[in-house]
Protein chains: 2
Amino acid sequence: MNTEKLVKLDRIDRKILEELQRHGELSNQELSERVGLSPSPCSRRVKALEEAGIIVRRVTILDHKKLGLALTAIILIGMDRHTPERFEAFERQVGEYPEVQECYLITGQDADYMLKVVVPDMDHYHEFLLNKITRIQGVSGVHSSFVLRRVIDSTALPLGYL
Amino acid sequence: MNTEKLVKLDRIDRKILEELQRHGELSNQELSERVGLSPSPCSRRVKALEEAGIIVRRVTILDHKKLGLALTAIILIGMDRHTPERFEAFERQVGEYPEVQECYLITGQDADYMLKVVVPDMDHYHEFLLNKITRIQGVSGVHSSFVLRRVIDSTALPLGYL
DNA sequence: GAAAATTAGCAAGCACATTGCGCTTTATTT
DNA sequence: AAATAAAGCGCAATGTGCTTGCTAATTTTC
C-alpha cells in the first residue's frame with residue numbers, strides 16, 4: 001500500500017517543508033541557509049522528500065483579478081440518487097470544466113458535493129451553471145455562494161502536528 | 001490603482017502561464033521548448049509576468065495523508081452581528097490558526113464565512129472547533145462538513161477566457 | 001509603405017545544482 | 001561500555017542551466 005507514513009521527518013525536514021510550501025521559488029542555496037545546512041545535504045533531503053511522495057508537486061499561483069477572473073463561487077450540490085453511477089458520471093463531467101478549481105465529495109444532509117469555481121463575472125457564472133452544472137444527470141439541488149473577500153487563501157498544511 | 005488589467009498577454013504568454021500553473025518545477029529550458037521559444041525570451045517573459053504581478057508566487061504542494069493530516073473540513077460560519085469590528089476580530093483570530101487553509105467572506109443567508117480546515121483526525125477537529133472557532137466573539141452558527149474524497153484539488157485558473 | 005519599437009535568437013559569462021568522497025556523529029551490537 | 005556499523009554532513013569539482021548584451025528580424029504605427 002501507499003500508506004507509508006513510516007517516513008521519519010526530523011526537525012530539519014520539517015523546516016524544509018515549512019519553507020518550501022510557502023516559498024516554492026527558493027533556490028537550493030537559499031533554502032539551505034534558512035534551514036541551517038550546507039547546499040548538498042539540503043538538495044539530497046529535498047530529493048528524498050520528493051521520492052517519498054511527501055512533496056507532491058510545485059505550482060505557480062496567478063493573480064485572478066489581473067487575469068479578469070473576478071468571481072469565485074462556492075457551489076453546494078445535491079444528487080437525486082446516491083448510486084456509484086451517478087457519482088462517477090458527475091465527477092467525470094466536472095473534471096472537464098476548467099472553471100472548477102476544487103470539487104469535494106462531502107458529508108452532510110444538505111449537499112453531496114462542494115465546488116469552488118472561478119469565472120470572469122456573474123454573466124459567465126450564470127452561463128456556467130445553466131449550461132454545464134445543471135445539465136449533469138442527477139444534479140437535484142444547487143446552492144451558490146459568492147466570495148466577497150479572500151481572507152485566507154493558502155495551500156500550506158499545518159506542520160505543527162508532526 | 002493596482003487595477004492594471006491593461007497588461008496584454010499574447011498566445012505565448014498564455015501558454016507560459018498554462019504550463020507554469022500546473023508545473024511550477026519546470027526549468028526555463030524545458031518551458032521554452034513547450035511554448036516554442038528559445039530560452040532567453042522565455043526567461044524574459046516569465047520575469048515580466050512576475051513583475052506585472054500576474055505570477056504571484058510559487059508554492060510546493062505536500063501530501064497531507066503522508067503527513068498524518070487525514071481530515072479536511074468545510075466549515076460554514078454565521079456571525080451574530082454584521083459589524084466591521086466583529087468581522088475584523090474574527091479574521092484576525094482565524095489568521096492565527098495554521099489549520100485554516102482558506103477563509104472566505106461569502107454571500108448567502110446561511111453563512112458569512114466559509115473555512116477549509118486541515119487536521120489529523122476527528123479528535124483534533126473537535127478540539128479545534130471547541131477551543132478555537134467557537135471561542136471567537138460573534139460566532140453564532142457553525143456547520144461542519146467533511147471531505148470524503150478529493151475529486152478535484154487544483155490551484156489552476158481557467159485561462160480560456162483570456 | 002516607411003520608420004520606429006518591440007522581440008527573437010545567439011553567444012558568452014556566471015551562478016547554481018549535483019555527485020563523489022572523506023570525516024564526523026549517531027545508532028547498534030556484543 | 002567499547003567497538004563496529006550506518007547514516008549524514010561538508011568540501012571540492014564538474015556539469016548544466018540561467019541570464020545579459022548585442023544584432024537581426026518581425027511587427028506595429030503613422
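Just so you know, these numbers come straight off a predicted model, no measurement behind them. Each chain gets a letter, A, B and so on, in the order its sequence line appears, and its residues count up from 1.
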Could you tell me how far apart A:Lys47 (NZ) and D:dC9 (P) are, to the nearest whole angstrom? 15 Å
Base, sugar-phosphate alone, or nothing: which one does A:Ser38 contact when heavy atoms must sit under 4.0 Å apart? base
Starting from C1' on D:dT19, measure out to CD on B:Glu50 and report it in whole angstrom. 13 Å
Atom pair distance, as rounded to whole Å: CD in B:Gln29 and P in D:dT19: 12 Å
Rounded to the nearest angstrom, tell me the gap between atom CD in A:Glu30 and atom P in C:dA15. 15 Å
Is any side-chain N of the basic residue among A:Arg45 and A:Asp10 closer than 4.0 Å to the acidic one's carboxylate O? yes
Contact under 4.0 Å: A:Arg44 side-chain N or O vs D:dG10 OP1/OP2: no
Side chain of A:Arg45 only, please: which of D:dG8, C:dC16, C:dT7 is the nearest? D:dG8
Whole-Å distance separating the CD1 atom of A:Ile12 from the P atom of C:dT25: 15 Å
Evaluate the ring planes of A:His124 and B:Tyr161, with Trp represented by its six-membered ring, and classify them as parallel (under 30°), tilted (30 to 60°) or perpendicular (over 60°). perpendicular
Whole-Å distance, A:Glu25 CD to D:dC18 C1', equals 16 Å
Rounding to a whole Å, what distance do you find between B:Glu33:CD and D:dC18:C1'? 14 Å
With a 4.0 Å cutoff (strictly under), does any side-chain N or O of A:Ser40 reach OP1 or OP2 of D:dG10? no
For B:Ser38, does its backbone N or O pair with a side-chain atom of B:Ser32 as donor and acceptor, under 3.5 Å? no
Drop me the distance from B:Arg34's CZ to B:Leu20's CG, to the nearest 0.5 angstrom. 10.0 Å
When rounded to whole Å, the CG to C1' distance for the pair B:Asn28 and C:dG9 reads 14 Å
Where the side chain of A:Leu37 is defined as all heavy atoms beyond and including C-beta, which of D:dG10, C:dT18, D:dT20 is the nearest nucleotide? D:dG10
